[in-house]
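One structure is given here, and the rest of the page talks about it.
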Number of protein chains: 2
Amino acid sequence: MSGGADPESGAIPTTSEPPPPRRRPTIADVARAASVSPTTVSFVLNDVVGVSISDGTRRRVRHEADRLDYRPNAAARLLRTSRSDTIGFITDEIASTPFAVDIIRGAQDAAWAHGKVLMIVNTEANPNIKERAAALMVERQVEGLIYAAMFHQEVTTPFPTVDLPTVLVDCYAADRSITSVVPDEVGGGREATRVLTTHGHRRIALLNLHRGMPATEGRLHGYHLALAEAGLPLDDALVRFGNNGADSGYHLTRQVMMLPDPPTALFCGNDRTAMGAYDALKELGCRIPNDVSVVGFDNHQLIARYLRPALTTMTLPHYEMGQWAVRHLLVGAAEDGGLGAPVQHQLPCPLVERQSVAPPITDLALGRHRAAPN
Amino acid sequence: MSGGADPESGAIPTTSEPPPPRRRPTIADVARAASVSPTTVSFVLNDVVGVSISDGTRRRVRHEADRLDYRPNAAARLLRTSRSDTIGFITDEIASTPFAVDIIRGAQDAAWAHGKVLMIVNTEANPNIKERAAALMVERQVEGLIYAAMFHQEVTTPFPTVDLPTVLVDCYAADRSITSVVPDEVGGGREATRVLTTHGHRRIALLNLHRGMPATEGRLHGYHLALAEAGLPLDDALVRFGNNGADSGYHLTRQVMMLPDPPTALFCGNDRTAMGAYDALKELGCRIPNDVSVVGFDNHQLIARYLRPALTTMTLPHYEMGQWAVRHLLVGAAEDGGLGAPVQHQLPCPLVERQSVAPPITDLALGRHRAAPN
DNA sequence: TTGAAAGCGCTACCAA
DNA sequence: TTGGTAGCGCTTTCAA
């Protein structure tokens with residue numbers, strides 16, 4: 001409008017570039033450079049629909065933005081729009097298991113696909129940190145909260161109620177008041193046992209985790225189911241509980257193998273237990289899977305693949321749970337503000353067949369029952 | 001889209017406007033409730049030093065803030081102060097190793113201790129994502145960037161130069177232009193070998209990782225050093241390279257044990273290799289550590305502790321590297337804007353003694369220096 | 001097809 | 001010891 005000499009702060013003769021102040025360029029800088037208004041820049045850069053900007057202007061704006069290496073200030077945008085494009089992710093103990101990364105990865109991939117980013121805080125099960133973390137996320141205007149436990153468990157309100165859509169991963173609220181996603185332990189236990197029964201095993205030991213955990217009880221239930229389906233009797237001597245570790249796998253295996261009528265197959269509560277079972281079996285001179293078949297649970301990245309022979313086991317759907325959580329948060333938030341009735345979701349534990357299962361030797365060598373192929 | 005013909009242009013309150021949108025309370029709301037100015041509220045809530053507010057006012061403000069459950073809006077604060085209290089953390093492949101969590105944990109703990117939070121993006125080594133991630137972090141005004149690789153390697157500019165203080169973890173720039181922190185592989189290799197020499201072993205095989213990686217070459221160098229220190233000759237037949245996995249540990253072990261003059265101790269390039277070595281050794285009827293001692297590398301959470309006997313190995317300082325990165329970023333940024341000369345830092349790999357090392361049987365039982373395999 | 005201008009919620013400068 | 005108020009950089013009516 002006011003043409004003529006630009007009185008702006010005493011025009012400096014443009015002998016060279018005059019940008020000593022290391023300030024990041026703003027939308028105003030781009031606007032000035034492209035000789036348009038900030039409004040126009042915003043329209044162009046955000047591809048706002050419903051406004052028509054001439055191609056020339058569009059190009060000019062884009063070009064100047066590039067040249068200045070303009071980056072929008074997310075804080076300013078957030079302040080204005082209150083859309084943070086951020087999801088808060090709180091874990092209890094990231095360190096304790098290698099599965100943590102899978103949950104995170106699943107969540108992060110889903111988030112990224114929706115243009116969101118994760119803000120992660122690991123609380124090491126410290127309630128103080130937990131609370132501070134939740135508060136911090138509210139301050140940062142996250143659009144939702146995910147709380148992930150590192151093994152399937154019941155939790156009592158992980159943090160004071162923040163009125164933000166929340167999803168619990170690998171855990172659930174005692175009163176089911178919060179949406180949660182957990183593995184289908186029963187289905188997994190059933191499937192694991194079924195692999196063994198369909199291979200012809202009739203005496204199958206369950207070397208379980210320690211009592212009281214959802215994983216333990218769920219898998220036990222699945223075991224019962226599969227046995228019943230196969231018309232097999234339940235022998236309590238074959239069901240043992242341990243401490244989830246390799247050593248308990250070792251000892252439990254020795255115990256059941258010492259039985260007068262030992263099992264021909266072992267369903268281990270987790271892969272670590274299976275690892276111990278392998279050791280005991282080898283010591284006892286049993287070949288896997290020829291003499292004794294073994295099925296694990298968890299599909300532990302390392303153990304299952306590297307055990308010799310490689311372990312047939314059930315996959316815990318960590319990646320999928322992380323993914324589900326984010327997706328649910330996002331569509332839930334879009335649909336009903338995340339305030340719909342909380343859902344308790346279960347994800348299947350798929351079987352991974354490797355080399356640790358074969359028909360029982362009794363079938364092969366002794367010709368009992370029907371002769372197995374091979 | 002849909003809507004009344006009359007948006008909120010007029011101040012006329014419609015008769016039945018049931019739910020006033022649940023707006024989060026702002027500093028103004030608190031000020032009003034406490035009958036003070038926003039300024040005062042800000043002073044009180046931020047414990048600003050240098051201003052004196054009467055105890056009564058202070059209490060009143062605090063009380064009202066509590067009552068209203070007031071949470072400062074981080075975006076607004078950031079916009080004003082340009083202090084995001086956030087550090088960007090970019091990983092290449094979070095999934096591939098269980099070590100990722102330790103780096104993250106170290107970084108997060110250090111960050112938390114400084115009142116900062118981590119914004120984590122995992123790129124799965126996808127350059128596109130990497131670039132977008134870096135851009136995104138700039139937009140979010142992160143105060144620094146950490147790029148973490150999941151195993152020790154050289155990287156060529158992980159992302160286009162953003163002028164933000166940056167630290168590389170478990171990797172380094174080819175041209176050393178960026179500050180980095182990596183494990184001291186040479187020191188680790190030397191120490192690992194030394195454990196064996198000090199136990200009296202004189203024929204020590206090195207079952208290394210595959211050639212060309214910093215870990216491989218560094219540990220090899222350390223092995224040479226320790227041998228020289230102990231006045232032991234280098235026998236190239238005892239040095240083998242593999243593919244970092246259990247199977248290569250298995251095969252390499254068989255190879256060296258078949259030698260006319262087999263080793264009495266194995267230094268394995270990593271714990272997975274050691275895992276394979278265990279299998280081979282057991283198959284060959286060698287007892288660990290009685291017949292053959294084994295030292296690993298990595299202190300892999302799972303393998304090292306659960307192998308039977310538990311594996312003596314070197315710890316990779318993942319947690320410490322993550323921690324170092326954040327601390328350096330924070331003090332560096334404070335001191336010189338993070339623009340000081342880039343430093344290439346190394347962290348030691350401490351020894352973890354467990355049960356897989358003993359004096360060679362030759363010394364104990366046979367009293368000779370070289371023994372044929374049983 | 002484009003622009004002016006009003007804030008989003010907070011901090012910090014300057015007054016009182 | 002307190003308060004008024006000007007922006008931080010952006011989006012978004014409404015007007016031109």
Side-chain angles (χ1 to χ4, degrees), chain A residues 1-2 21 23-61 64-65 68-85 138-141, chain B residues 1 3-11 21 23-61 64-65 68-85 138-141:
Chain A
M1 20 209 58
S2 53
R23 192 179 55 89
R24 289 241 308 267
T26 73
I27 209 170
D29 297 323
V30 178
R32 210 172 302 119
S35 317
V36 295
S37 75
T39 309
T40 304
V41 176
S42 177
F43 283 163
V44 171
L45 262 25
N46 291 315
D47 283 319
V48 175
V49 295
V51 288
S52 35
I53 307 280
S54 74
D55 264 13
T57 305
R58 216 172 266 279
R59 227 188 330 271
R60 221 166 56 246
V61 169
E64 289 304 321
L68 297 176
D69 194 29
Y70 166 74
R71 304 272 173 222
N73 180 324
R77 174 180 293 164
L78 168 53
L79 183 55
R80 186 59 232 248
T81 64
S82 38
R83 280 202 349 263
S84 66
D85 288 330
V138 173
E139 294 177 11
R140 306 270 173 139
Q141 326 282 110
Chain B
M1 352 209 138
D6 222 338
E8 66 278 277
S9 52
R23 192 179 56 88
R24 290 242 305 269
T26 74
I27 209 171
D29 297 322
V30 178
R32 209 171 303 119
S35 318
V36 295
S37 75
T39 309
T40 305
V41 175
S42 178
F43 283 161
V44 172
L45 262 25
N46 292 314
D47 281 320
V48 174
V49 295
V51 288
S52 34
I53 307 282
S54 73
D55 265 13
T57 306
R58 214 173 268 279
R59 225 188 333 270
R60 221 166 56 247
V61 168
E64 289 304 321
L68 297 175
D69 195 30
Y70 166 74
R71 304 273 174 222
N73 179 323
R77 175 181 293 163
L78 167 53
L79 183 56
R80 189 58 233 249
T81 63
S82 34
R83 281 202 348 266
S84 67
D85 288 331
V138 173
E139 294 177 11
R140 306 269 174 139
Q141 325 284 109

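Keep in mind that the numbers below use all heavy atoms, side chains included, and drop hydrogens, waters and symmetry copies. Letters A, B, ... mirror the listed sequences (proteins, then strands); counts begin at 1.
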For A:Leu45 and D:dG9, what is the distance between atoms CG and C1' respectively, to the nearest whole Å?
13 Å

Distance-only side-chain donor-acceptor flag, A:Thr57 / A:Ser54, under 3.5 Å
yes

Using a 4.0 Å cut-off on heavy atoms, which residues in residues 51-59 of chain B reach DNA chain C? List them by number, or say none.
none

Do any N or O atoms from the side chain of B:Asn46 and from the backbone of B:Val48 form a donor-acceptor pair under 3.5 angstrom?
no

Over all atoms of both residues, closest heavy-atom pair of B:Leu79 and A:Ala76:
CD1-CB, 3.7 Å

Between protein and nucleotides 8-14 of chain C, map the contacts as a letter string: B base, S sugar-phosphate only, - none, heavy atoms under 4.0 Å, written 5' to 3'.
BBBBBB-

Do any N or O atoms from the side chain of B:Asp29 and from the backbone of B:Thr26 form a donor-acceptor pair under 3.5 angstrom?
yes

d(CG, B:Leu78; P, D:dC10) in whole Å:
12 Å

Tell me whether the OP1 or OP2 atom of D:dG4 has a side-chain N or O from B:Ser37 closer than 4.0 Å.
no

Say whether, by atom type as modelled, one donor and one acceptor occur between the side chain of B:Arg24 and the main chain of A:Val138 under 3.5 angstrom.
yes

Which atom of A:Pro38 lies closest to which atom of A:Ala31, heavy atoms considered:
N-CB, 3.6 Å

On a heavy-atom basis, the closest approach of A:Gln141 and B:Ala74 is OE1-N, 4.4 Å

Tell me if a side-chain donor or acceptor on A:Arg60 pairs with a main-chain N or O of A:Ala34 at a distance below 3.5 Å.
yes

